[in-house]
Novice: 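Structure below; questions to follow.
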Number of protein chains: 2
Amino acid sequence: MKKPTISDLAQAAGVSKTTVSHAFSGRRHVDPETRERIEKIAQEIGYRPNRAAQHLRTGRTGMIALASSMPFSVAAGPSRLGFLMEIAATAAVASLTRNMALCLIPPFQSGAQLDAITPDGVILVEPFQDDPLVQHFTGLGVPVVSVGRVPGREDIPHVDLNSGATARMVLEHLRASGATRIGLVTGEQRRNSYIETEAAYRAFCDEIGIEPACLQLNESGGEDLAAEAVASLLSRRGDIDALYVPVDAFASGAVTAAASKGLKIPQNIRLATRYDGLRAKLSRPPLTAVELHLEAIADLAVGLLMAAIDGEVAGLVSAPQPELVLRASTAS
Amino acid sequence: MKKPTISDLAQAAGVSKTTVSHAFSGRRHVDPETRERIEKIAQEIGYRPNRAAQHLRTGRTGMIALASSMPFSVAAGPSRLGFLMEIAATAAVASLTRNMALCLIPPFQSGAQLDAITPDGVILVEPFQDDPLVQHFTGLGVPVVSVGRVPGREDIPHVDLNSGATARMVLEHLRASGATRIGLVTGEQRRNSYIETEAAYRAFCDEIGIEPACLQLNESGGEDLAAEAVASLLSRRGDIDALYVPVDAFASGAVTAAASKGLKIPQNIRLATRYDGLRAKLSRPPLTAVELHLEAIADLAVGLLMAAIDGEVAGLVSAPQPELVLRASTAS
DNA sequence: ACCGTTTAGCAAATCGGTTTGCACGAATCA
DNA sequence: TGATTCGTGCAAACCGATTTGCTAAACGGT
C-alpha cells in the first residue's frame, strides 16, 4: 500500500541503498547489469524517489519561482498578465524538462508570506530599480536572474531585451512610414526597458532634430489613464503624428484618445506598441508591434537560472533579435 | 554564516528541539513565557524552519499545482491562457496565504516528466472526460479538485460552474433581444461545461420549438477554424440570427465569419460568449459575455483542495452566480 | 610472488525537522 | 497521606534519500 522506498527497492534487488542511489544518480560506477536489474525492479514495484528526502539531503528544493512586480489585479493587469503568462507557460515547460517545478509568486507579498516559498532560484520579469523582490531573494542567498536588466544591479544575470535597439527599430519604422513628430509613452516605474527606450528615443529626437514628447504613466492606471493622458498630450502638442507606446494597455488607451480627438489611425497619427499580445492584434486598426520571442526568452532565462543555481558565474544573455510585426496602425 | 537550524535555536534558548518544535506548531502546550523567549531569539538569529526537513517528516511538500489540459501553445492558447491565468493569479495568492506554493503544470507532459512535481494536491481547470491528468494524479493518491465537474467522475470535488444555468441565461437573453433561431458553438473535447451547455441548449430549443444548430470544434483550431466552420454553418442555415459561442477564441472566429458573410452584428446576427476576457472586450462590436467571478472560483477551489488534503470529504461547492455583461453584440 | 590499481558494493553518518514515550515536580483529590 | 492528574520539558526514534570511507575481489605489470 505504502509507496516503496529506496530500502524496499534495495532489498528487492538484493543490493544496498547506496548502490541503488548510485545506479540512479550515476555519481559512482555501478555494474551495468546490476543497474539494469535495479531499474527493472524499480519499474515493477513503482519506485519513485521521495523528493522531500532528496531535497533535505541535497539542500535543494527542486523548485524555481517566477515573479513579476506588477500587481496582478490592477487595471493594467490583464495585459501585463499576457506578457507574464506567456513567459510562465514556456518557463513551466522548460523547468519541467530540467526536472524542476515552476511556481508562481504573486506580487507584493509581505516577506513573511513569501517564506512559504523557498525556491532554488527565481526569475524576475522586468524588475524595476530597487525592486523589493530582488532584495528579498538576493538577501536570502537565492540566485536571481531577470528578464530585462535590473537597473543599477549589474551583478544580476539577465536576458537582455535589447529595448534600446527595439525602440530604435520602431522609431525608424515610424519615420519611414511618414511620421515627422513622434511621441513616446512609457511607465512610471524605473524598469530597464523604459529607461533604455527613453534614452534611445531622446537620441533619436536629437538626431533628426525634433522636440521630444514623453509621457510616463502609472502602470496601475491602465487603459483609462492612458486614454486621458494621451488625449491631453495631443492637445498640448498638436504636431504629433506618431506614438510609440511600448505597454500595450497604454496603447489601447492611445487608440481611444486618438478617436476622441477625431484623429484617424494611421492617416493622422501612427501608433506602434511593443508586446504583440491580444490587444495589438485585436485593436482597430490592428497595431504594429514587436515580436519579442518570449518563448525563447523564457527558455534562456530558465537556462541562465539553472547555471546560476549550479554556481556558474553567468553574465547576461542576449534575447533573439526582435522583429517588427507590421500592421495597419503604421501603414504609410 | 550557515542558516541556523532548530538545534541552534534550541541551544540559544536553553531548551530542547522538541520544545522549539512545539512552540511553533502548537501541537503541545508550551509555557507562554518559554514560547515568547524562543520566538524572540528566533527573530534575532533569523531562524527559518527548513521546509525540506518538515516535508520529509510530515509527508507534505507544501506545494499545490494548477493544471489545464489545454495546450499552452496552440492557436486557442492565448485565449485559454487568459482564462487559466486569471485563475492562476488568484490561486497563487490564495495558496500563499495558506502557506503553500502554487506551481504550474504544463499540459500533456508525459508521466515521467510530471514526476518532477509532487504536489500535495492539484487543481484541474475544466478537465474533460477521461482526462489523463486526472488519472495520473488520482492514481498517485494525490488529492484532486477541479474547476468544473469532471465528466463521469462524481467522486472528485469541484467548484461547479453552473454552465447549464449560464447557458440558459444567455439563450434567454438572446431571445429577449430579438433572436428566433439560435445556434451553438462549443468544443470537441468532452468538458463538462460543453456537455451541460449543449444539454441546456437542446432543452431550450425543444421548448421554443426551433431546430438545434450545433457545432463542436477542435480547440486547437482556434480562431481560424472557427471562422471557417461558422461561415459554413451560416451558409447551411441561413435562418440563424444568433450564436452562443462560449469559447472566446471561437467567438472571435464567429465575428470574422459574420463579416465574411456580410452579416452585421447585432443587426443580422447576435453573438454572445462566456469568458469575459480581452477578446470579448476588444471585439468590434464588443461581445456580450458572462462574468464568471473567476477570482472567487479560484479561491473556492484552493479552499476545497486544502480540505481534501486534510482528509475532509469535501463534495462540491457552487461558484457565485454568473452575471451577464451586456454589450453591443446583442443589442436589440 | 608481490604490489598497485581498478571495480563493485556496503555500512554508517548525515540533512533538519516532527513525533512518541517517558520523567519529574506541583497541584488536586479521595 | 497516598494516589491521581496536569503541566512542562527532554531524549531518542524517525522520515528517505545522499555521500563518505572502507573492504574485498579481480586484474595487470614487473
Novice: Taking everything shown except E33(A) itself, do over 12 heavy atoms lie less than 6.0 Å from its CD?
Specialist: no

Novice: I'd like a table of atom pairs between the protein and nucleotides 23-28 of chain D - only N or O on both sides, under 3.5 Å - with the distance next to each one.
Specialist:
none

Novice: What I want to find out is whether K40(A) reaches E44(A) closely enough, with some N-O distance under 4.0 Å, to be called a salt bridge.
Specialist: yes

Novice: In whole Å, I'd like the distance from the CG atom of D8(B) to the P atom of dG17(C).
Specialist: 8 Å

Novice: I need the minimum non-hydrogen distance between I297(A) and P320(A), along with the two atoms involved.
Specialist: CG1-CD, 4.3 Å

Novice: Looking at dT18(D), I'd like to know if its phosphate oxygens (OP1 or OP2) sit under 4.0 Å from a side-chain N or O belonging to R27(A).
Specialist: no

Novice: Taking atom P of dA11(D) as reference, at what distance in whole Å does atom CD1 of I6(B) sit?
Specialist: 14 Å

Novice: Scan residues 43-56 of chain B against DNA chain D and write down, sorted by residue number, each residue with any heavy atom closer than 4.0 Å; if none is found, say none.
Specialist: L56(B)

Novice: Taking everything shown except E295(A) itself, do over 12 heavy atoms lie less than 6.0 Å from its CD?
Specialist: yes

Novice: Could you give the distance from CG (D131(A)) to CZ (R191(A)), rounded to the nearest 0.5 Å?
Specialist: 7.5 Å

Novice: Could you work out, with side-chain hydrogen bond (donor to acceptor under 3.5 Å, both in side chains) as the rule, every residue matching T118(A), not counting sequence neighbours?
Specialist: none

Novice: Using rotation axes that map the C1' atoms of four end pairs onto the next four (five pairs an end), what angle separates the end axes of the helix from dA1(C)-dT30(D) to dA30(C)-dT1(D), to 10°?
Specialist: 40°

Novice: Can a donor-acceptor pair be found, under 3.5 Å and without considering hydrogens, that links the side chain of R51(A) to the backbone of R48(A)?
Specialist: no

Novice: For A91(A), is there any backbone N or O sitting under 3.5 Å from a side-chain donor or acceptor partner on S95(A)?
Specialist: yes

Novice: Salt bridge check: are D310(A) and R60(A) linked by an N-O gap of less than 4.0 Å?
Specialist: yes

Novice: Can you name the one residue among L56(B), D120(B), I117(B) that meets side chain to side chain contact (heavy atoms under 4.5 Å, CB included) with T61(B)?
Specialist: D120(B)

Novice: Taking atom CD of Q43(A) as the centre, does the number of heavy atoms from other residues, nucleotides or ligands within less than 6.0 Å exceed 12?
Specialist: no

Novice: Separation of L9(A) atom CG from dT18(D) atom P, in whole Å?
Specialist: 11 Å

Novice: Which residues satisfy the side-chain hydrogen bond (donor to acceptor under 3.5 Å, both in side chains) test with S318(B), sequence neighbours excluded?
Specialist: N162(B)

Novice: Contact class for S21(A) vs. all strands (heavy atom < 4.0 Å): base, sugar-phosphate, or nothing?
Specialist: base

Novice: Do you see a donor-acceptor pair shorter than 3.5 Å between the side chains of S193(A) and E126(A)?
Specialist: yes

Novice: Base contacts versus sugar-phosphate-only contacts with protein, heavy atoms under 4.0 Å: please encode nucleotides 4-13 of chain C as B, S and - from 5' to 3'.
Specialist: ----SBBBBB

